[in-house]
Structures are given as C-alpha cells and as structure tokens.
Amino acid sequence: MFYLCIAPDTVTVDTLPVAETIYYPWAIDSYNPMAFARCAWIESEGLLLNLQAFERYPASSEKLDLDNNSCVAVSFSFTKNSNGVLTAVFNANGQYQIFINAEPVELPLDIYTDVGLLPKGHYWSVQTCIPRSFLQQHFPVSNLKNGHKMKGNIYKFLRTGEKSHLGSAAPMQQESIFAFENLGDWLAVNY
C-alpha cells in the first residue's frame, strides 16, 4: 500500500511518505538505480509530484526521448477499478510528457530540477504540480478525500544501452509503464 497525502494548501515535501522502486523483474543482477516519489493532493493546487533518482550521470537530453533518456514516471488511476490513467514522465533536465491512457497530451508545467549528493549517492530530482483544473477535466479527482482508494505506480527506466532498466514501486505484470495491470494500491490520507 502506498499513500497520497491530502493537504488544503501546502506541504513540507520531505515529510511525505515515500514510494520507492524496488522491483526490477527484467534486470536481475544488472543496473537497478533507486528512485522514489513523494506525492500529495494539494486541494487548492493539484497533484504535487516530487521524484528523485539516484544516478550520477543519467542519460538525458534537452528534449524528452523515452527510448534514450533515463526517466522517472508516475501513473495514477484516481479510482480503484477504472483504467483511466494519468502518466507523467520526466528526465533529469526537467523535460517531460504527460499521457492520458498512454496518449500524449499538451500541458505546460513549471518544473523544478535539482542534482546533488546525499549519503545514498548522487541524485537528480524533479518537482512539479499538475493543476487541479486539468485533472478535473479528465479524472474524478473531487473524490480525493481521506480514505479514498485508487491505483498507481512509480517507475524508473532507461529503454536502451548498457544501463537499460525498468523498475517500479509496485510489482509489474507487463513490461510497460502504461499497463493498468502494473498499478498497485494507493490510499489517500490526510496530511
């Protein structure tokens, strides 16, 4: 079970629960970089995403390339039994693509990037907020109250090269970041 925190207007990101990539079923005994997500539903703004990957030299470019960039992604279905899925993919340069049911959509976002060194190693991170108004057009987000059950997953991937990998926080059934079957249980909780 993973947790999406609900807050009326602000959160301290470092205090949010973490969903960490621990499943790398197609990359046994190879490169499996750790990544994690902290997510919150800020009622006045939308879906806050704070994503961090532990890699020193991530494959990245000035334009998102899903095949050749090292990426972190998050997917959510805002109801437990629906396959209406939001997927957001980011590279280390803060380039991104938003998908609804695996179809790309245009959505201007402010992206904040960071790189640094922690005791766990070198990292890169991105943070953004997907606007409430956008989400309300496509998903039943008005249901996001304490105790609301939904589906989601986070992914860390690079599709090509010697460091190719695909990992997730919840176990994957299919080798795709867009497969509904890969989504695990999430619970919305008051912050």
Side-chain angles (χ1 to χ4, degrees), residues 2-7 11 13 16-21 33-43 45-53 55 58-79 82-114 123-141 144 150-159 165-170 172 174-184 186 188:
F2 303 99
Y3 299 97
L4 176 72
C5 287
I6 301 170
V11 296
V13 172
L16 295 173
V18 171
E20 183 179 330
T21 57
M34 181 179 69
F36 62 78
R38 294 179 176 115
C39 306
W41 176 251
I42 300 175
E43 293 173 340
E45 296 179 35
L47 182 63
L48 174 72
L49 302 175
N50 176 273
L51 310 172
Q52 192 168 55
E55 293 179 290
S60 194
S61 61
E62 291 304 317
K63 184 173 189 242
L64 183 66
D65 181 340
L66 292 179
D67 290 323
N68 297 302
N69 285 179
S70 184
C71 297
V72 177
V74 61
S75 293
F76 282 114
S77 174
F78 293 96
T79 61
S82 168
N83 59 2
V85 179
L86 168 78
T87 302
V89 181
F90 304 87
N91 73 11
N93 289 336
Q95 300 302 306
Y96 68 95
Q97 181 64 64
I98 305 298
F99 299 86
I100 295 178
N101 297 327
E103 294 295 324
V105 296
E106 292 295 321
L107 179 64
L109 295 173
D110 292 327
I111 307 290
Y112 303 95
T113 62
D114 188 27
Y123 72 90
W124 60 270
S125 67
V126 295
Q127 183 170 308
T128 193
C129 187
I130 299 177
R132 178 186 178 102
S133 58
F134 171 82
L135 294 169
Q136 285 176 319
Q137 292 174 6
H138 301 283
F139 303 102
V141 292
L144 289 177
M150 50 192 272
K151 294 285 195 177
N153 209 344
I154 69 158
Y155 304 96
K156 174 68 190 77
F157 69 93
L158 173 61
R159 292 181 176 169
H165 55 275
L166 173 59
S168 63
M172 289 182 287
Q174 295 185 29
E175 199 170 349
S176 169
I177 65 169
F178 299 112
F180 182 77
E181 296 79 16
N182 291 345
L183 302 182
W186 283 68

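No hydrogens, no waters, no symmetry mates; every other heavy atom, side chains included, goes into these values.
- The two residues Ala19 and Ile154 make their nearest non-hydrogen contact at O-CD1, 3.0 Å.
- Between Phe90 and Leu51, the closest heavy-atom pair is CD1-CD1, 3.4 Å.
- Side-chain contact between Trp186 and Cys39 is present, with at least one heavy-atom pair separated by less than 4.5 Å.
- Side chain of Thr21 to main chain of Met34: no donor-acceptor pair is present (N/O by atom type, distance under 3.5 Å, no hydrogens or angles).
- In terms of heavy atoms, Gly46 sits closest to Cys129 at C-SG, 3.7 Å.
- A pairwise comparison of heavy atoms in Asn50 and Gln127 identifies ND2-OE1, 2.7 Å as the closest pair.
- The backbone N or O of Thr128 lies less than 3.5 Å from no partner atom in the side chain of Tyr96, so there is not a single donor-acceptor pair.
- Asn101 contributes atom CG, which lies 9.5 Å from atom CG of Leu86 (distance to the nearest 0.5 angstrom).
- Distance check: His165 NE2 to Tyr155 OH gives 14.0 Å after rounding to the nearest 0.5 Å.
- To the nearest 0.5 Å, atom CD1 of residue Ile130 and atom CG of residue Leu49 are 4.5 Å apart.
- Considering all non-hydrogen atoms of both residues, Ser61 and Gln95 come closest at O-CG, 3.7 Å.
- Taking the six-membered ring where the residue is Trp, Phe78 and Phe139 present tilted rings, their angle falling between 30° and 60°.
- Nearest heavy-atom pair, Gly94 versus Val126, reported as atom, atom and distance to 0.1 Å: CA-CG1, 4.1 Å.
- Without hydrogens or angle criteria, Asn68 side chain to Ala59 main chain gives no donor-acceptor distance under 3.5 Å.
- We find the CD-CG distance between Gln97 and Leu107 to be 9.5 Å, quoted to the nearest 0.5 Å.
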For this session: Apply side chain to side chain donor-acceptor pair (under 3.5 Å) to the pair Ser75 and Asn153, showing each step before the final yes or no.
Result: CA-CA 5 Å; Ser75 293; Asn153 209 344; over 6 Å; no

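- For the atom pair Leu47 CG and Glu45 CD, the distance stands at 11.5 Å (nearest 0.5 Å).
- Atom OG of Ser70 is separated from atom CZ of Arg159 by 12.5 Å, given to the nearest 0.5 angstrom.
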For this session: Dump the intermediate steps for side-chain contact (heavy atoms from CB on, under 4.5 Å) on Val85 and Lys151, then the final yes or no.
Result: CA-CA 9 Å; Val85 179; Lys151 294 285 195 177; over 6 Å; no

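- Paired with Val89 under the rule side-chain contact (heavy atoms from CB on, under 4.5 Å), one option of Val72, Ile98, Ile177, Asn69 passes, and it is Ile177.
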